[in-house]
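Read through the structure below, which is laid out as C-alpha coordinates, and then see the notes.
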Amino acid sequence: MKNTYLFAGASSLMAIKTAELLQSQGHKIIGLSTKDKKHNYDVFYKIENYETINLPSLSEAINGLIYFPGTINLKPFHRLTSQEFKTDYEINSLGAVNCIQQYLPNLKKTDKGSIVLISSVAAQMGMPFHASIAMAKGAIEGLTKALAAELAPTIRVNAIAPSLTATPLSEKFTNTAEKMDASEKRNPLKKVGSAEELAQTISFLLTENAAWITGQILAVDGGMGTLKL
(Lines give C-alpha, C1' and ligand atoms only; values in the text may rest on other atoms or scores of the structure.)
Protein backbone atom coordinates (compact mmCIF):
# COMPACT_ATOMS: atom_id res chain seq x y z
CA MET A 1 0.00 0.00 0.00
CA LYS A 2 1.22 3.50 -0.83
CA ASN A 3 -0.75 5.76 1.54
CA THR A 4 -3.60 5.33 4.00
CA TYR A 5 -6.66 7.58 3.76
CA LEU A 6 -9.59 7.83 6.16
CA PHE A 7 -13.04 8.47 4.67
CA ALA A 8 -15.85 9.66 6.96
CA GLY A 9 -19.20 9.23 5.25
CA ALA A 10 -17.81 6.27 3.36
CA SER A 11 -21.18 5.02 2.08
CA SER A 12 -21.81 8.10 -0.04
CA LEU A 13 -21.44 7.77 -3.81
CA MET A 14 -18.81 10.50 -3.83
CA ALA A 15 -16.76 8.57 -1.27
CA ILE A 16 -17.13 5.31 -3.14
CA LYS A 17 -15.95 6.80 -6.44
CA THR A 18 -12.99 8.46 -4.70
CA ALA A 19 -12.12 5.19 -2.97
CA GLU A 20 -12.25 3.28 -6.26
CA LEU A 21 -9.86 5.76 -7.82
CA LEU A 22 -7.37 5.78 -4.95
CA GLN A 23 -7.49 2.01 -4.43
CA SER A 24 -6.73 1.53 -8.13
CA GLN A 25 -3.52 3.47 -7.44
CA GLY A 26 -2.59 1.14 -4.59
CA HIS A 27 -3.71 3.23 -1.63
CA LYS A 28 -5.42 1.86 1.51
CA ILE A 29 -8.82 3.31 2.45
CA ILE A 30 -10.39 3.15 5.90
CA GLY A 31 -14.13 3.84 5.81
CA LEU A 32 -16.42 5.21 8.53
CA SER A 33 -20.16 5.40 8.01
CA THR A 34 -23.47 5.51 9.83
CA LYS A 35 -24.82 3.28 7.05
CA ASP A 36 -24.00 -0.25 5.99
CA LYS A 37 -20.88 -0.97 3.98
CA LYS A 38 -21.45 -0.30 0.26
CA HIS A 39 -17.92 -0.68 -1.05
CA ASN A 40 -14.97 -3.00 -0.54
CA TYR A 41 -12.98 -0.77 1.78
CA ASP A 42 -9.73 -2.12 3.16
CA VAL A 43 -11.09 -1.45 6.67
CA PHE A 44 -14.64 -0.39 7.53
CA TYR A 45 -16.33 0.78 10.73
CA LYS A 46 -20.07 1.31 11.09
CA ILE A 47 -20.75 4.00 13.68
CA GLU A 48 -23.85 5.51 15.27
CA ASN A 49 -22.96 9.13 14.46
CA TYR A 50 -19.95 11.44 14.20
CA GLU A 51 -19.80 12.43 17.84
CA THR A 52 -16.30 11.92 19.20
CA ILE A 53 -17.41 9.20 21.60
CA ASN A 54 -18.49 7.00 18.66
CA LEU A 55 -15.34 7.36 16.56
CA PRO A 56 -13.05 4.32 16.63
CA SER A 57 -9.50 4.72 17.89
CA LEU A 58 -6.79 4.08 15.32
CA SER A 59 -3.10 3.57 15.99
CA GLU A 60 -1.74 3.71 12.46
CA ALA A 61 -0.52 6.75 10.56
CA ILE A 62 -3.04 8.38 8.23
CA ASN A 63 -1.88 10.32 5.19
CA GLY A 64 -5.20 12.00 4.56
CA LEU A 65 -8.72 12.49 5.88
CA ILE A 66 -11.86 13.52 4.06
CA TYR A 67 -15.23 14.28 5.60
CA PHE A 68 -18.09 13.50 3.19
CA PRO A 69 -21.32 13.70 5.27
CA GLY A 70 -23.71 16.44 4.20
CA THR A 71 -27.33 17.51 3.87
CA ILE A 72 -29.48 19.27 1.29
CA ASN A 73 -32.20 20.91 3.37
CA LEU A 74 -33.78 23.53 1.12
CA LYS A 75 -36.71 25.51 2.50
CA PRO A 76 -37.95 29.11 2.67
CA PHE A 77 -36.23 30.81 5.58
CA HIS A 78 -39.44 31.30 7.58
CA ARG A 79 -40.09 27.54 7.50
CA LEU A 80 -36.68 26.48 8.82
CA THR A 81 -36.70 25.55 12.51
CA SER A 82 -33.89 26.09 15.00
CA GLN A 83 -33.52 22.32 15.21
CA GLU A 84 -33.03 22.07 11.45
CA PHE A 85 -30.28 24.70 11.59
CA LYS A 86 -28.65 22.76 14.44
CA THR A 87 -28.93 19.42 12.63
CA ASP A 88 -27.43 20.76 9.41
CA TYR A 89 -24.57 22.33 11.37
CA GLU A 90 -23.91 19.15 13.37
CA ILE A 91 -23.84 16.91 10.28
CA ASN A 92 -21.97 19.20 7.89
CA SER A 93 -19.61 21.06 10.23
CA LEU A 94 -19.35 19.78 13.78
CA GLY A 95 -18.90 16.18 12.61
CA ALA A 96 -15.91 17.33 10.57
CA VAL A 97 -14.45 19.01 13.64
CA ASN A 98 -14.91 15.84 15.70
CA CYS A 99 -13.22 13.65 13.08
CA ILE A 100 -10.29 16.01 12.62
CA GLN A 101 -9.70 16.31 16.37
CA GLN A 102 -9.95 12.55 16.82
CA TYR A 103 -7.52 11.67 14.02
CA LEU A 104 -5.15 14.62 14.04
CA PRO A 105 -2.57 12.58 16.02
CA ASN A 106 -2.69 9.95 13.25
CA LEU A 107 -2.21 12.61 10.57
CA LYS A 108 0.76 14.02 12.49
CA LYS A 109 2.49 10.62 12.29
CA THR A 110 3.20 11.27 8.61
CA ASP A 111 5.58 13.80 7.09
CA LYS A 112 2.90 15.31 4.85
CA GLY A 113 -0.78 14.98 5.75
CA SER A 114 -3.86 16.26 3.96
CA ILE A 115 -7.44 17.07 4.92
CA VAL A 116 -10.23 17.67 2.41
CA LEU A 117 -13.65 19.01 3.37
CA ILE A 118 -16.84 19.47 1.35
CA SER A 119 -18.44 22.90 1.04
CA SER A 120 -21.04 24.06 -1.48
CA VAL A 121 -21.47 26.73 -4.12
CA ALA A 122 -24.24 28.04 -1.83
CA ALA A 123 -21.71 29.18 0.80
CA GLN A 124 -20.42 31.96 -1.45
CA MET A 125 -23.28 32.49 -3.91
CA GLY A 126 -26.55 33.80 -2.49
CA MET A 127 -29.29 31.32 -3.40
CA PRO A 128 -32.90 31.31 -2.20
CA PHE A 129 -33.98 28.53 0.19
CA HIS A 130 -30.33 27.75 1.08
CA ALA A 131 -30.06 29.61 4.40
CA SER A 132 -29.36 26.58 6.59
CA ILE A 133 -26.98 24.75 4.27
CA ALA A 134 -25.17 28.00 3.40
CA MET A 135 -24.55 28.66 7.10
CA ALA A 136 -23.29 25.13 7.72
CA LYS A 137 -21.02 25.12 4.68
CA GLY A 138 -19.83 28.64 5.43
CA ALA A 139 -18.54 27.22 8.70
CA ILE A 140 -16.69 24.54 6.73
CA GLU A 141 -14.97 27.18 4.62
CA GLY A 142 -13.90 29.15 7.69
CA LEU A 143 -12.64 25.96 9.32
CA THR A 144 -10.68 25.06 6.18
CA LYS A 145 -8.76 28.33 6.17
CA ALA A 146 -8.19 28.49 9.92
CA LEU A 147 -6.87 24.92 10.09
CA ALA A 148 -4.73 25.38 6.98
CA ALA A 149 -2.96 28.24 8.77
CA GLU A 150 -2.68 26.41 12.09
CA LEU A 151 -1.47 23.08 10.70
CA ALA A 152 0.97 24.38 8.07
CA PRO A 153 3.51 23.32 6.96
CA THR A 154 2.98 19.65 7.80
CA ILE A 155 -0.75 19.18 7.06
CA ARG A 156 -2.55 20.73 4.10
CA VAL A 157 -6.24 21.59 4.44
CA ASN A 158 -8.50 22.32 1.48
CA ALA A 159 -12.17 22.09 0.53
CA ILE A 160 -14.15 21.64 -2.64
CA ALA A 161 -17.35 23.59 -3.30
CA PRO A 162 -19.55 21.72 -5.79
CA SER A 163 -22.80 22.80 -7.35
CA LEU A 164 -25.58 20.26 -7.96
CA THR A 165 -24.14 16.79 -8.46
CA ALA A 166 -26.01 13.64 -9.44
CA THR A 167 -25.87 11.53 -6.26
CA PRO A 168 -28.50 9.80 -4.10
CA LEU A 169 -28.44 12.81 -1.76
CA SER A 170 -29.60 15.12 -4.57
CA GLU A 171 -31.88 12.60 -6.28
CA LYS A 172 -35.08 14.55 -5.62
CA PHE A 173 -33.68 17.38 -7.76
CA THR A 174 -32.61 15.16 -10.67
CA ASN A 175 -35.00 12.20 -10.66
CA THR A 176 -37.01 13.21 -13.73
CA ALA A 177 -35.96 14.30 -17.21
CA GLU A 178 -37.64 17.66 -16.63
CA LYS A 179 -35.78 18.32 -13.37
CA MET A 180 -32.46 17.26 -14.87
CA ASP A 181 -33.01 19.47 -17.92
CA ALA A 182 -33.85 22.48 -15.74
CA SER A 183 -30.77 21.92 -13.56
CA GLU A 184 -28.51 21.59 -16.59
CA LYS A 185 -29.84 24.80 -18.11
CA ARG A 186 -29.01 26.76 -14.94
CA ASN A 187 -25.35 25.74 -15.13
CA PRO A 188 -22.89 27.64 -17.35
CA LEU A 189 -21.52 24.34 -18.70
CA LYS A 190 -25.07 23.05 -19.17
CA LYS A 191 -24.58 19.95 -17.08
CA VAL A 192 -25.03 18.46 -13.64
CA GLY A 193 -21.83 17.24 -12.03
CA SER A 194 -21.00 13.59 -11.41
CA ALA A 195 -19.52 11.82 -8.41
CA GLU A 196 -16.69 10.64 -10.64
CA GLU A 197 -15.75 14.24 -11.49
CA LEU A 198 -15.68 15.25 -7.85
CA ALA A 199 -13.63 12.15 -7.03
CA GLN A 200 -10.92 13.29 -9.44
CA THR A 201 -10.63 16.64 -7.66
CA ILE A 202 -10.77 15.15 -4.16
CA SER A 203 -8.09 12.56 -4.92
CA PHE A 204 -5.88 15.28 -6.41
CA LEU A 205 -6.14 17.42 -3.25
CA LEU A 206 -5.53 14.43 -0.96
CA THR A 207 -2.35 13.28 -2.63
CA GLU A 208 1.07 14.82 -3.12
CA ASN A 209 -0.02 15.94 -6.59
CA ALA A 210 -1.38 18.98 -4.72
CA ALA A 211 1.66 19.39 -2.48
CA TRP A 212 1.73 23.19 -2.89
CA ILE A 213 -2.00 23.80 -2.35
CA THR A 214 -3.50 24.59 1.05
CA GLY A 215 -6.15 26.86 2.51
CA GLN A 216 -8.14 26.80 -0.73
CA ILE A 217 -11.84 26.44 -1.48
CA LEU A 218 -11.81 24.87 -4.91
CA ALA A 219 -14.99 25.47 -6.91
CA VAL A 220 -16.02 22.36 -8.82
CA ASP A 221 -19.28 23.74 -10.10
CA GLY A 222 -19.27 24.22 -13.85
CA GLY A 223 -18.77 27.93 -13.33
CA MET A 224 -21.99 28.28 -11.34
CA GLY A 225 -20.47 30.42 -8.60
CA THR A 226 -18.62 32.89 -10.81
CA LEU A 227 -20.26 33.09 -14.23
CA LYS A 228 -23.53 34.55 -15.43
CA LEU A 229 -24.39 33.77 -19.04
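Keep in mind that what you see is a predicted model, and the values were worked out from it rather than measured.
A donor and an acceptor atom, one from each side chain of Thr87 and Gln83, are located under 3.5 Å apart. Donor-acceptor pairing under 3.5 Å is recorded for the side chains of Asn92 and Thr71.
Side-chain contact between Pro188 and Met224 is present, with heavy atoms from C-beta onward closer than 4.5 Å. Looking at heavy atoms from C-beta onward, Ile30 lies in side-chain contact with Tyr45 at the 4.5 angstrom threshold. Proximity of Tyr41 to Ile16: side-chain heavy atoms (C-beta onward) are separated by under 4.5 Å at one or more points. In this structure, the side chains of Phe7 and Leu22 come closer than 4.5 Å at one or more pairs of heavy atoms. Using a 4.5 Å heavy-atom threshold, the side chains of Leu55 and Cys99 count as touching. At least one side-chain heavy atom of Thr18 sits under 4.5 Å from a side-chain heavy atom of Phe68. With a 4.5 Å cut-off on side-chain heavy atoms, Leu104 and Ile155 count as touching. Thr165 places none of its side-chain heavy atoms less than 4.5 Å from the side chain of Met14.
Considering only residues two or more places apart in sequence or on other chains, His130 meets the ring-ring contact (aromatic ring centres under 6.0 Å, His included) condition with none of them. Under the side chain to side chain contact (heavy atoms under 4.5 Å, CB included) criterion, Gln23 pairs with Ala19, Ile29, His39, Asp42, not counting sequence neighbours.
When the side chains of ILVMFWY residues are joined at heavy-atom separations under 4.5 Å, either directly or via intervening members, Ile133 and Leu94 end up in two distinct hydrophobic clusters. One hydrophobic cluster, built from ILVMFWY side chains closer than 4.5 Å, holds both Met135 and Phe77. Under the 4.5 Å side-chain heavy-atom criterion for Ile, Leu, Val, Met, Phe, Trp and Tyr, Ile47 and Leu6 are members of the same hydrophobic cluster. The hydrophobic cluster containing Ile100 does not contain Ile160, counting ILVMFWY residues as joined when their side-chain heavy atoms lie under 4.5 angstrom apart, directly or transitively. Under the 4.5 Å side-chain heavy-atom criterion for ILVMFWY residues, a single connected hydrophobic cluster contains both Leu58 and Val97.
Counting non-hydrogen atoms of neighbouring residues, nucleotides and ligands closer than 6.0 angstrom, the CG atom of Leu229 exceeds 12 such neighbours. Within a 6.0 Å sphere centred on NZ of Lys37, other residues, nucleotides and ligands contribute more than 12 heavy atoms.
For Ser93 (side chain) and Glu90 (main-chain N/O), no donor-acceptor pair under 3.5 Å exists by modelled atom type. Side-chain atoms of Gln216 come within 3.5 Å of backbone N or O of Thr214 as a donor-acceptor pair. When atom types are taken as modelled, the side chain of Asp221 and the backbone of Pro162 share no donor-acceptor pair closer than 3.5 angstrom.
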Please step through side-chain hydrogen bond (donor to acceptor under 3.5 Å, both in side chains) for the pair Ser132 and Asp88, ending with a clear verdict.
CA-CA 7 Å; Ser132 184; Asp88 285 339; 2.5 Å; yes
Run Lys17 and Glu20 through side chain to side chain contact (heavy atoms under 4.5 Å, CB included) and show every step you take.
CA-CA 5 Å; Lys17 293 302 178 183; Glu20 289 175 348; 3.4 Å; yes
Pair Leu227, Leu189 - check side chain to side chain contact (heavy atoms under 4.5 Å, CB included), show working.
CA-CA 10 Å; Leu227 305 179; Leu189 291 184; over 6 Å; no
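Note: Lys38 NZ to Ser33 OG = 7.0 Å, rounded to the nearest 0.5 Å. Rounding to the nearest 0.5 angstrom, the gap separating the CG atom in Leu74 from the CZ atom in Arg79 is 11.0 Å. Note that CG of Asn106 is 10.0 Å distant from OG1 of Thr4, once rounded to the nearest 0.5 Å. Between atom CD of residue Gln102 and atom OG of residue Ser57 there is a gap of 5.5 Å, rounded to the nearest 0.5 Å. Interatomic distance, Lys228 NZ to Met125 CE, rounded to the nearest 0.5 Å: 9.0 Å. Once rounded to the nearest 0.5 Å, the distance linking CD of Gln124 with CD1 of Ile217 reads 7.5 Å.
Heavy-atom minimum distance, Pro69 versus Lys137: O-NZ, 4.3 Å. Counting all heavy atoms, side chain and backbone alike, Thr34 lies closest to Glu48 at CG2-O, 3.6 Å. In this structure, Asn98 and Glu51 approach most closely via the heavy-atom pair ND2-CA, 3.7 Å. Considering every non-hydrogen atom in both Lys35 and Phe44, the closest pair reads O-CZ, 3.6 Å. Between Pro56 and Leu32 the shortest heavy-atom distance is CG-CD2, 3.7 Å. Residues Val157 and Ala148 share a closest heavy-atom pair of O-CB, 3.7 Å.
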Can you give the donor-acceptor pairs under 3.5 Å from side chains of residues 111-119 to other protein atoms, not counting sequence neighbours?
from: Ser114; atom 1: OG; to: Leu205; atom 2: O; distance (Å): 3.1
from: Ser119; atom 1: OG; to: Glu141; atom 2: OE2; distance (Å): 2.7

